[in-house]
Amino acid sequence: MILLWVMSILMYLTWAIAQLEGYLALEMKTNAIYQAYLHDFQKTERTLLACEQGLLEPALVESSKPLAEGFSDRCRIEALGPVVPSSRTQEIPQQKYLYQIRAGNRIRIESTVIVDHFAGTMTRLNWQQLYD
């Protein structure tokens with residue numbers, strides 16, 4: 001009887017250890033997926049920032065192509081048109097243009113920026129992660 005009792009406790013401990021190992025393996029896989037996703041997101045965010053900063057370069061502004069050389073493989077830049085000045089600043093010539101930038105493959109981010117080519121400044125209006 002005692003032998004049966006000891007064997008049942010050992011079987012229960014074996015089952016508990018197997019469950020714990022399965023849980024730990026699942027937790028390790030979850031952490032690996034999370035780290036890969038975070039790395040891809042940060043890479044896409046750096047690419048988006050590089051593309052936004054590239055809009056301030058004069059070569060991109062003078063180019064008639066929608067995509068600048070070197071940016072075509074990393075992001076898509078779409079010019080949405082000039083920003084209409086308010087009634088208070090109509091006498092001041094403005095060189096502000098609205099651009100929409102998309103970057104990334106697996107993780108995609110979209111940003112809308114206003115670029116003042118005359119002053120050499122850029123303002124990000126918003127950004128969002130795109131989902132399928």
**Request:** For Ile77 and Cys51, work out which heavy atoms get closest and say how close.
**Result:**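 Minimum heavy-atom separation between Ile77 and Cys51: CD1-O, 4.4 Å.
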**Prompt:** How far apart are the closest heavy atoms of Tyr97 and Val83, and which atoms are they?
**Reply:** C-CG2, 4.1 Å
Report the distance from atom [atom1] of [X] to atom [atom2] of [Y], rounding to the nearest 0.5 Å.
{"X": "Thr47", "Y": "Ile107", "atom1": "OG1", "atom2": "CD1", "answer": "11.0 Å"}
{"X": "Leu98", "Y": "Leu80", "atom1": "CG", "atom2": "CG", "answer": "4.5 Å"}
{"X": "Glu21", "Y": "Ile17", "atom1": "CD", "atom2": "CD1", "answer": "7.0 Å"}
{"X": "Leu4", "Y": "Ile9", "atom1": "CG", "atom2": "CD1", "answer": "10.5 Å"}

**Request:** Determine the sole option in Thr121, Thr123, Asp116 for which the side-chain contact (heavy atoms from CB on, under 4.5 Å) test with Lys96 is passed.
**Result:** Asp116
When hydrophobic residues are tied together by side-chain contacts of less than 4.5 Å, even through go-betweens, does [X] share a cluster with [Y]?
{"X": "Leu13", "Y": "Ile2", "answer": "yes"}
{"X": "Leu48", "Y": "Leu56", "answer": "yes"}
{"X": "Trp5", "Y": "Leu10", "answer": "yes"}

**Message:** Please enumerate all residues that pass salt bridge (Lys or Arg N to Asp or Glu O under 4.0 Å) together with Glu45, with sequence neighbours excluded.
**Reply:** none
**Prompt:** What pairs with Arg102 under salt bridge (Lys or Arg N to Asp or Glu O under 4.0 Å), at least two apart in sequence or on another chain?
**Reply:** Glu110
**Complete:** In short, side chain to side chain donor-acceptor pair (under 3.5 Å) pairs touching residues 30-42 with sequence neighbours left out are Tyr37-Gln129, Asp40-Arg106
**Request:** Answer yes or no: is there a side-chain heavy-atom contact under 4.5 Å between Ile101 and Trp127?
**Result:** no
**Request:** May I ask you to test the Leu49-Arg124 pair for a side-chain heavy-atom distance under 4.5 Å?
**Result:**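 Side chain of Leu49 against side chain of Arg124, heavy atoms only: contact under 4.5 Å found.
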